[in-house]
Amino acid sequence: MTADIRRIIHVDMDAFYASVEQRDDPTLRGKPVAVGGQPGSRGVVAASSYEARAFGVRSAMPMARALRLCPNLVIVRPDFQRYRAASQRILEIFRSCTPLVEPLSLDEAYLDVTVNRWGEPLATSVAKRLKQRILEETRLTASAGVAPNKFLAKIASGWQKPDGLTVISPGRVEAFLQQLPVDALWGVGPVTAGKLRKIGIERLVEVRAADPDLLRRAVGSLADVLQRLALGDDPRPVVPNRPAKSSSSENTYNEDLLALDAIRAEIDRMARGCAAWLARKGLLARTVTIKVRYAGFTTVTRSHTAAMPTRDANAIAARALSLLDRTEAGRRPVRLLGAGVHGLAEGDADIGAPGVLGFDG
Amino acid sequence: MSNYLLDLSFGVKRSDGYVSDIWRASTTRLGDFHLDTNSIAGVEEYRFNKSGLCRSAHSGADAAPAALRDRAGFKWRRAATPPRGSGRASRVAWIAFPTDYLSRPTVEDDGEILWIDAAPACGATYVEFAYAAEPEQGIRGVLDIMQDRTLVRCAALPQGETLVIFCYHADWENKDLRVPGHGAVADVLFSAEDPLATGRPLRHRLGPAPKDREAVLLLEMGGVAVTN
């Protein structure tokens with residue numbers, strides 16, 4: 001017999017930043033809108049309206065390319081204060097239904113509504129009410145996925161957009177899984193998908209029959225997760241107030257950086273910014289990561305994990321600069337730089353107080 | 001003496017009286033499990049034999065031609081029953097009855113039918129059939145901790161297996177489905193709205209052909225013939 005049925009909803013706001021802009025400025029309605037940096041300053045698209053998407057404009061695309069695809073594109077500078085305010089209102093709506101709300105970003109969240117404050121026995125009715133209240137109170141539309149677990153709910157919310165509602169009833173899970181390409185899976189990006197295709201796996205369900213050793217050689221520790229997800233099995237709970245797992249920043253430069261000193265100064269600044277963030281949050285980090293994108297758009301990342309977590313700015317900056325030495329920065333023009341910290345640990349509890357030993361008796 | 005150890009007629013019923021088709025679940029003294037319902041093409045049968053072989057067929061006056069020696073539509077093997085003590089069961093069939101596609105009743109209730117309460121609107125009632133090697137008491141213990149499932153019936157089979165029938169409510173996405181008649185016959189519209197207020201007189205079951213070790217999955221919906 002299968003486990004208890006959970007009723008999970010994934011809500012994904014439709015083109016969130018662009019929709020907020022179109023809501024607040026009627027002259028933008030019906031027009032292709034991209035929120036992001038200016039093309040002259042090498043800006044990228046943070047979000048695009050559905051009118052812009054019809055031209056192929058997508059998030060993370062260089063704005064210059066977006067403009068080439070859609071010459072009438074209206075570019076709007078992001079205003080995160082307004083996006084955060086709308087997001088906050090939406091979270092309040094979610095929390096009026098259930099305390100089990102796990103925000104993933106400003107514009108998407110998981111809800112576990114198996115038991116909910118509205119007394120609705122089914123998640124479909126909850127999702128309909130959530131969408132209606134979001135529309136009434138924020139004048140924004142959302143798409144929702146209803147399923148027995150997070151993995152299926154998230155894929156379902158993207159199935160019909162905008163303003164969609166997709167329900168994966170237990171009897172429909174298998175038919176739904178059969179349709180999915182392997183890169184629909186959480187954690188499978190283009191690189192991993194390429195590795196899976198090399199061993200003959202195109203569709204998610206083909207992971208089930210794959211030789212476990214072959215799969216492990218291709219994708220490492222992701223193999224076990226993939227095999228479970230390929231069966232539609234995802235026991236991950238909805239965790240409210242999930243603590244941050246990492247912090248990072250990156251910057252695309254108006255002009256390519258050539259001088260190593262300038263590049264080192266940027267990495268140093270970003271690494272110290274991460275250390276300051278750790279200090280503000282009372283956290284420590286074990287892993288330091290940097291990212292370098294060369295002028296030809298080739299991107300490399302380097303990371304270093306230490307046994308002891310730290311928030312010491314000098315130590316973090318030194319490790320980031322050491323990682324930079326393992327790149328071609330200074331020998332190739334650099335378009336983008338980034339630095340981040342991962343592997344976070346809570347406060348001082350993980351490292352203990354130095355110099356104090358325990359004695360019996 | 002009856003040839004059947006279990007002989008249960010059941011259906012799903014909404015509070016306004018709308019119902020599913022009536023199903024019969026029975027187990028023979030030989031240890032086979034039969035699941036039947038009436039359809040426009042005679043009796044729709046699903047047979048789960050003690051040996052593990054399974055088949056589906058239509059029988060009755062309007063079903064397969066008499067000249068057809070093997071009436072089986074599909075044949076497959078059911079999954080092995082998990083060993084005793086595993087706390088697990090092997091599902092062999094499940095039927096989804098979406099609430100908003102139930103039909104106005106057309107036959108008299110003779111009082112012998114077990115009516116299962118339908119899920120709320122936008123939901124579906126699932127009735128599942130599974131084999132376990134556990135005794136009924138063990139199965140009740142498992143289901144007691146799974147609060148969303150209700151045990152409908154348990155039937156001990158002579159080979160030591162137990163047939164478990166349970167039900168639960170789940171979400172359902174109400175979408176219109178129109179099966180084209182291609183001009184030869186009328187289209188059939190399955191709609192939660194029932195725009196013509198017909199009561200959805202035509203009840204059909206849809207589902208993929210079962211493969212070995214898979215459970216039969218059926219979706220039962222009520223629809224209406226439409227000409228345009």
Side-chain angles (χ1 to χ4, degrees), chain A residues 1-11 111-116 118-132 143-149 152-153 155-157 159-160 163-179 205 208-209 231-233 235, chain B residues 82 86-91 93-100 117-132 134 138-139 141-149 151 164-175 192 205-208 210-211 214-220:
Chain A
M1 277 168 263
T2 49
D4 275 0
I5 299 164
R6 291 188 297 155
R7 306 192 197 283
I8 308 294
I9 303 176
H10 178 256
V11 181
L111 292 82
D112 185 334
V113 299
T114 311
V115 177
N116 61 77
W118 293 351
E120 291 280 4
L122 295 175
T124 309
S125 316
V126 173
K128 285 182 174 176
R129 284 179 65 174
L130 288 171
K131 279 165 54 67
Q132 184 63 30
S143 295
V146 172
N149 62 47
L152 291 169
I155 294 178
S157 69
W159 211 248
Q160 301 174 75
D163 201 17
L165 171 61
T166 301
V167 179
I168 306 181
S169 196
R172 283 178 163 172
V173 168
E174 181 59 25
F176 193 78
L177 292 172
Q178 291 283 347
Q179 300 175 61
V205 288
R208 297 175 187 171
L231 293 166
D233 179 19
Chain B
S86 65
R88 296 172 58 239
S90 167
R91 180 169 58 207
W94 47 337
I95 314 169
F97 300 94
T99 299
D100 298 320
D117 289 341
C122 299
T125 307
Y126 280 77
V127 181
E128 295 202 5
F129 306 85
Y131 280 82
E134 316 291 342
I139 290 160
V142 171
L143 286 171
D144 277 350
I145 57 170
M146 299 164 78
Q147 296 174 359
D148 45 14
R149 285 167 170 79
L151 182 64
V164 191
I165 307 173
F166 59 93
C167 65
Y168 55 90
H169 293 164
D171 286 282
W172 193 261
E173 183 175 337
N174 289 345
K175 273 187 170 176
R205 280 153 292 280
L206 313 166
K211 297 182 189 130
E214 283 184 358
V216 175
L217 169 61
L218 296 169
L219 158 63
E220 186 187 296

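Note that this is a predicted model, so its numbers are computed, not measured. A note on names: the letters A, B, ... follow the listed sequences, proteins ahead of strands, and every chain is numbered from 1.
- Rounded to the nearest 0.5 Å, atoms NZ (K175(B)) and CD (Q160(A)) are 4.0 Å apart.
- Contact annotation for A96(B): neither backbone nor side-chain heavy atoms come within less than 4.5 Å of a heavy atom of chain A.
- For a residue to count as touching a neighbouring chain, one of its non-hydrogen atoms must lie under 4.5 Å from one of that chain's; by this rule A215(B) does not touch chain A.
- Contacts of Q132(A) classified as side-chain hydrogen bond (donor to acceptor under 3.5 Å, both in side chains), with partners at least two apart in sequence or in another chain: E136(A).
- Taking each heavy atom of R172(A) and W172(B) in turn, the nearest pair found is NH2-CZ2, 3.6 Å.
- Across all their heavy atoms, C122(B) and K128(A) have their closest contact at SG-NZ, 3.2 Å.
- Of all non-hydrogen atoms in H169(B) and I5(A), the two that sit nearest each other are O-CD1, 4.4 Å.
- Heavy-atom pairs under 4.5 Å with chain B peak, among T166(A), I168(A), L122(A), at L122(A).
- Nearest heavy-atom pair across S169(A) and D171(B) is OG-O, 2.6 Å.
- For the residue pair P170(A) and Y126(B), the shortest heavy atom distance occurs at N-OH, 3.6 Å.
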